[in-house]
Amino acid sequence: MLRRHTHEAVLALVTLLAILVLSLQSDQFLSVANLLNQGRLMTEVALVALVMTFVIASGGIDLSVGSIMGLSAILLGTFWDGFGLPLPLAMLAVLVVGTVCGLFNGIIIVHFGMPPLIATLGTLALYRGLAEGISQARSVRGWPEWFARLGQGDWLGLPVQVWILLAALALAGAILGFTRWGRTVYAIGASETAARFSGLPVDATKLAIYAVSGFASALAALIFVARVSTTRSDMGTGLELDVITAVVLGGTSIFGGRGTILGTALGLILVQVLENGLSLAGVKGDGTIVLIGVVLIATLLVSTLTERRARA
Amino acid sequence: MDIHIPEEARQQPDAAPPVRLGVRGISKSFGPVQALRQVQLDLRAGSIHALMGENGAGKSTLVKILAGMHAPTAGDLLVNGQARRFASPRDATAAGVAVVHQELLLFGELTVAENIFSGHYPRTRFGTVDWSGMRRRARALLAELDCHDIDVDTKVAALSVALRQRVEIARALNQEARVLILDEPTAALAERDADRLLDVVLQLRDRGVAILYVSHRMNEIFRIADEMTVLRDGQYVGTVEARDTDEARLVSMMVGRSIDQVFPKVEAKIGRPVLEVDHLCAGPLVQGASLTVRAGEIVGLAGLVGSGRTELALTLFGITPARSGRIRIDGAEVRITSPRAARDAGIAYVPEDRGHQGLVKSMNIRENISMAVLDRVSPGGMLRRAEEARIARDGFDRLGVRAAGIEQVTGELSGGNQQKVVIAKWLETKPKLLILDEPTRGIDVGAKSEIHRLMGEMAQQGLAILMISSELPEVLAMSDRVLVVAEGRITAELPRAQATPEAVGHAMTRRSDPGTRTGGSQQTGARA
Amino acid sequence: MTDLSQDAAAPRTGPIRRILRDYGHELLVVAAIIALLVVVGAINPRFVSARNMTSVFSGNAYIAVAAIGMTMIIVTRNIDLSVGALIGVLATVSGTLAVSGAPIWVAWVAPILCGALINAVTGLLVAYAGIPSIVVTLGMMAILQGGLISVTGGAWISDLPPEFLLAKMKVMGLPMPLVWAVALTVLAAAWMRLTPYGRSLYLIGGNAEAARAVGIPVRRRIVEVFMIHGAFAGLATLLFATQLQVIQSTTPPNLELLIITAAVIGGVSILGGTGTVIGASLAAVLFAAIGSALIFVNVSAYWLRAFIGVLILVTVLFDVMRRRRETRQKGH
Amino acid sequence: MTQTLTRTLPCLMGSAAILAASFAAPAQAAWTGGDDQPTSPLACDASTVAPDAGSYNGGTVTGAQPSDTLRVVDVPKLVGIGYFNATSAGVAEAAAELDGVEATTDGPAQANIDDQITLIDNYITSGVGGILYAANDPVAIAPVLRKALEAGIHVVGYDSDAEPDARQWFVNPAQFNGVAKTLMDELAQQIGADGSFAIVTSTFTTPNQARWIAEMDAYQAKCYPEMEWLETVEAQEDNILSFNQAMTLINKYGEDMDGLVGMTSVATPAAAEAVTQADLCGEVSVMGLATPNAIRPYIKSGCMEDAVLWNPVDMGYAALHVLKAAVDGTLEPGAAEVEAGRLGTLQIINGSEVLLGAPTVFNAENVDDFDF
């Protein structure tokens, strides 16, 4: 058990250590209000990272998530304000568009055999370009109260999006860990050919993963728009790097075949704890970025070396 | 049992060719695992030395030590009588040792010429890579190997396995090797290509090259080798001269006991037709194939590499769906568009390339065995671990997989045990037809006979088996009926009684014009 | 068996086909640049004026130079996401030295050496610790980016001595960045094509295991390639940071993606083992030409990124289809 | 042959797509300022209308706890550009002057709304007494600022505003229409009332720049109808990009362009550099917003006549003074003016905006008097 989850163990230790040290630096750090608030702030990245775990575990990568988020945000404004659709319908339409964007990634990767890194590098530019082109630099504001609650309100004492996040976390964890689809993802990541020759639905699964990645990005866009109550075409810029950092820090192998939702959750928590805790301890933002870079490399170094020793 | 023949006994006073490479008491351990213990052998100029042993006996480790890729923990390598250390492949090359590795170590995106000279480029007088000289010399080298049909400017990725092998040998020759090591060079070759290769090896021997030849194929060994060294479990068992030994003795040295029957064919009751194929077409290599396989019957599918035999299997299995033609299972027509549809129709396929297609090597035995029946162990999508483990244990026991348990990672298993896991996986789907593609390739003799025994048992239980094999003896010994494939069609059907090597061999080449075939068979010898 | 008539019949690839095959992608980018020049030049002749051509060919020179190193990295089947941040750090190093009164040549050499040194760390982590390069460089990017702002506090460097401003100098009437980019591209291309060392990068990217077997010290070489790439980043910095009289402590957003995109559109395969630096440099010119053309034909810059995206997708799509056909040929 | 063809296709298609789109896409949409607010061009002559103090429309802070030292965090749009280095220097200067005030500057590395919001949120949790901000997006930043007000934290903006009710006061460096008038008048003086000009801005979405351009558009239509507005291009907040874009504009229009206007403190010196390198000093005038240090060489070399900007050091300085006054209760809703240390008394307009004053014009005479 431990041998298979060395990385998660290392990571859990680092996270605990970070929490311990940081709580000594600031009284507010471990307060309930702060922790809940951190949950609110990390929701968008976390939602996308959960799905990215599937993408990377299947041996792929999706760099276009930030751009899909930007495009979705812009389209929400266009559908609602421009076309005059009722807001719930506009939200639904945006989720569909996000899914279609993801599906398009999937199609060029699966059916045209493009390497995922390059395919999504292309769509990263394409979707962002569409967002900029469609928005023509206009923002849409004045969202109704009920919509803003999605990003700013509470429900049963927890921020609304934290509920969504918890549900997504449980769902992703269950699917990757306990279902046929999760097993299929791992098999594809470890050896796509062998998975195909075992009669597993390789193409359909990959298409679905990229489509869900697009869906998650669109959902994150809805929550983000609700949180900041405006739409901008530059929303989600650089999101892909934050997401990949969390997933890789969480122990998902960039070559596929390995990774857990638990690891990704720990990775997300560690990054958030560092950002928040260091800020509360009076470290400036740029110092925090450096430290996250160091932690990323150091954690992977430790777990690679530990594993290598365990194997020797 | 020590069959080591004393040095002096073999020495014929004036004819003894010099020892080019001497291996003296070589041991190698990886952590606590002792991979090689006290191995010794002599490679002499103008002589072929066969290295034999079951999988895991340490052959590849020895080859890697001689290639400079591993450093031995103890022992000496003598090059022309002087002790040398090979700290890197470069040292081995400098000492005149060249290796043709089992998994062809080539650069697919680079041209044939560059592959031959990779790492040892010819230089111009300015010290830069001499491209035109390189192309010229590459052509000359290939001509020496009787290989006139390769354009030295094509990418290696576009060549067939047989031609790639030729490129590897040309690379070894270019280094003016005095010692040439060939690690299972014919494992991936059809009979005919293997023959051509053996001719090349003999030619090199006549030029005075000392050759170490690693192979499982007894007939090849006895055809070319002057002496043989056998390893077992990393131990040096002994060295014998070819003329003093026979197959049975060699096998007993390898497995440590005597084996009476390598191919224990059991008779099974042959029932109604399970698979009926009518004018199947797909891609360039399946051109209107028709065949029938009955319950309890083992049908051998023979043909040259590139004849379309694997492609036929891939079409039946839905990897490359049929363009036209009909497939009936148990009399009912089925459309097979994917491996999943094939599985649902009752077709199972144990593929040719075990490491890539058969297994997910980083996953354990349980996960591999359940892979083809995942939907059955996950009603509603949720995996039932207990059910999965039960199924895996069943298959594990039934096939007699030798491993620490069902949680062992399959990449750590020997070839024979890996193959058993793949077969167990497909038997779990309760197939009506089992297609076995090269079921014993690269598997040691012990495991080979076990697989053959299993095939017999499965046939007895009423399974229809279609077996593809490049080893004619295997096809002839195991099949109730032999079908010969050439150019995508079934060109001959021979009942067991009539299936002689001559008849099958003749049918394999019958359709094509022999004159163009000599060159052309190479070009088409590709895997899709 | 040996038969001379057969030997004569051995298939050969003629020199023209060989050039088309080896440099097809590069010729293609040239064709695209020429097509763009002709069409936009017809719409607005000022587009092909000497002055605008100078801007087009030298404006993205630093991207071309950085893309040379990136091409080498990608050829060995690695990637570097930290190069944009690295260029920012090196610019500050160079500029600080230039205003500190150190000899100008020190300010010029320092970024090249620092680039190599910083990337040596990356290379060591990739080659010896076995962490995938995409992860190491993601971390390095954060460290360099955050570190730079921590140290400088975001201050600009101004009052640069005029003799430091390399990019403003001219050689025989040609702008220095253009001369450098051409010279470095030709040198690097010749090096990668004509030296065994250069070829070894293709061997490593094509099949690392096989490269080891033919005697190439793969790990050491990967560290070296990262260092060479760092030195090219240093050279790119010199062209980048000396165009104006001030040095900003941030680099253009997504600079690393632009450099990777140039390498990819230039024909280097992300799967390793193919591609030349000439293509990468030409792609950088193509970007500059497109950026300029958009202004000349009055296309809203809003759509620029969408075009680049389509360009990447279409280029790679055709590359993938070509490869497929080549591999299928063997089964004809 | 087919092989070469398929290789040629992608790039040709790429070029074709660009050309096709060139006919489909309009060069630029009408200027709206990005927020669809109406423009209010000033009168063409020098007559000024006294700005209206209006009634207070800012937010209110609730539950503020008085404490001995006031901890203030200053969150600019981004760190790493000269302009905001100057504002934070002003904040530091005021902090040194005022008793019991500690101020730090911390901002995102890129002008990213999410990073800025997260940063402010963390400072709310850590319990600062006051927040100074320059918003990357007026609407996006509002919720977190409202949260700060509710947590008893005093909030004052500068440079770029948020929605009025999300902060108490805003230090307005200069009114949008005032900046537009100064820029256009200076430009007209240099290139004539029938000259042609182009603009280099950061992005079309950046709020201040978008509003200035909208006001300039309106003012030009009203007062200089003969002037020709050639086009506007984006160049981020990036030196090199600004330089390249300016160069391309020069190449495109040649002698048909009389003036180049930089809308950011980054774009203006880059445009001056482009004109210098193109040897067009005196033929193409460069104007715009810029810090004196960045444009000093060009003014000295005679390639640039003048540039417009308020003093960002003063702006940061004033912002902290206003915050301190709000904390101390000396500045209350409805006030018409506020004391700001060495700057003296500043006027309050539009309900809750503190007007820094008219923009300064830097030229050869006064450029050496400033250092920021």
Side-chain angles (χ1 to χ4, degrees), chain A residues 25-29 31 33-38 40-42 44-45 66 69 73 81 129 132-133 135-143 148 151-153 224-239 242 272 275-289, chain D residues 21 24-26 28-36 71 73 75 78-80 102 104-128 136-144 146-147 151 163 166 201 203-207 209-210 213 234 236:
Chain A
Q25 303 292 314
S26 161
D27 303 336
Q28 291 92 6
F29 176 62
S31 69
N34 182 45
L35 294 182
L36 287 183
N37 193 38
Q38 294 312 308
R40 193 192 285 282
L41 293 177
M42 72 193 277
E44 295 94 4
V45 172
M69 186 170 162
D81 191 53
E132 287 173 347
S135 81
Q136 296 286 318
R138 274 173 223 230
S139 298
V140 174
R141 296 150 189 194
W143 300 93
Q152 302 170 30
F224 192 59
V225 170
R227 175 150 73 88
V228 302
S229 55
T230 183
T231 66
R232 292 171 58 102
S233 60
D234 64 354
M235 279 176 166
T237 307
L239 177 78
D242 294 346
Q272 197 69 27
E275 277 180 358
N276 173 238
L278 288 170
S279 177
L280 295 185
V283 178
K284 285 190 185 180
D286 34 62
T288 310
I289 298 175
Chain D
Q28 72 193 39
W31 288 103
T32 61
D35 52 8
D36 298 313
R71 278 183 55 223
V73 63
V75 186
L78 74 165
V79 293
E102 273 176 30
T104 51
T105 298
D106 192 3
Q110 279 166 3
N112 178 319
I113 50 172
D114 196 24
D115 289 354
Q116 190 177 35
I117 292 168
T118 308
L119 231 130
I120 294 176
D121 212 321
N122 280 333
Y123 278 102
I124 295 173
T125 309
S126 76
V128 291
N136 278 313
D137 186 284
V139 182
I141 202 173
V144 75
R146 287 193 195 103
K147 183 175 160 186
E163 292 183 327
T201 184
T203 71
F204 300 141
T205 32
T206 317
Q209 273 77 11
I213 293 173
E234 275 188 321
Q236 319 282 346

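Any value given below was found using the heavy atoms of this structure, including those in side chains, with hydrogens, waters and symmetry copies removed. Each chain gets a letter, A, B and so on, in the order the sequences are listed, and its residues count up from 1. Everything numeric in this text was worked out from a predicted model, so none of it was measured.
For A/Leu280, the parts sitting under 4.5 Å from any heavy atom of chain D are the backbone and the side chain alike. Heavy-atom distances place the side chain of A/Phe224, and not its backbone, under 4.5 Å from chain D. For D/Pro108, no part sits under 4.5 Å from any heavy atom of chain A, backbone or side chain.
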Worked check of side-chain contact (heavy atoms from CB on, under 4.5 Å) between D/Val139 and A/Trp143: CA-CA 11 Å; D/Val139 182; A/Trp143 300 93; over 6 Å; no
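A/Asn34 contributes atom CG, which lies 7.0 Å from atom CG of D/Asn122 (distance to the nearest 0.5 angstrom). The OG1 atom of D/Thr125 lies 6.5 Å from the CG atom of A/Asn276; values are rounded to the nearest 0.5 Å. Considering OG of A/Ser229 and CD1 of D/Ile141, their distance stands at 11.5 Å, rounded to 0.5 Å.
When all heavy atoms of A/Lys284 and D/Asp106 are compared, the closest pair comes out as CA-OD2, 3.5 Å.
At a threshold of 4.5 Å between non-hydrogen side-chain atoms, the residues A/Arg40 and D/Asp121 do not count as touching. Within the 4.5 Å cutoff, the side chain of D/Lys147 has heavy atoms near those of the A/Asn37 side chain.
Chosen from D/Val144, D/Asn112, D/Leu119, D/Asp137, the residue pairing most often with chain A at heavy-atom distances under 4.5 Å is D/Asp137. Counting heavy-atom pairs under 4.5 Å between each of A/Glu275, A/Glu44, A/Gln38, A/Arg227 and chain D puts A/Arg227 at the top.
For D/Thr104, the side-chain hydrogen bond (donor to acceptor under 3.5 Å, both in side chains) test picks out no residue, with sequence neighbours left out.
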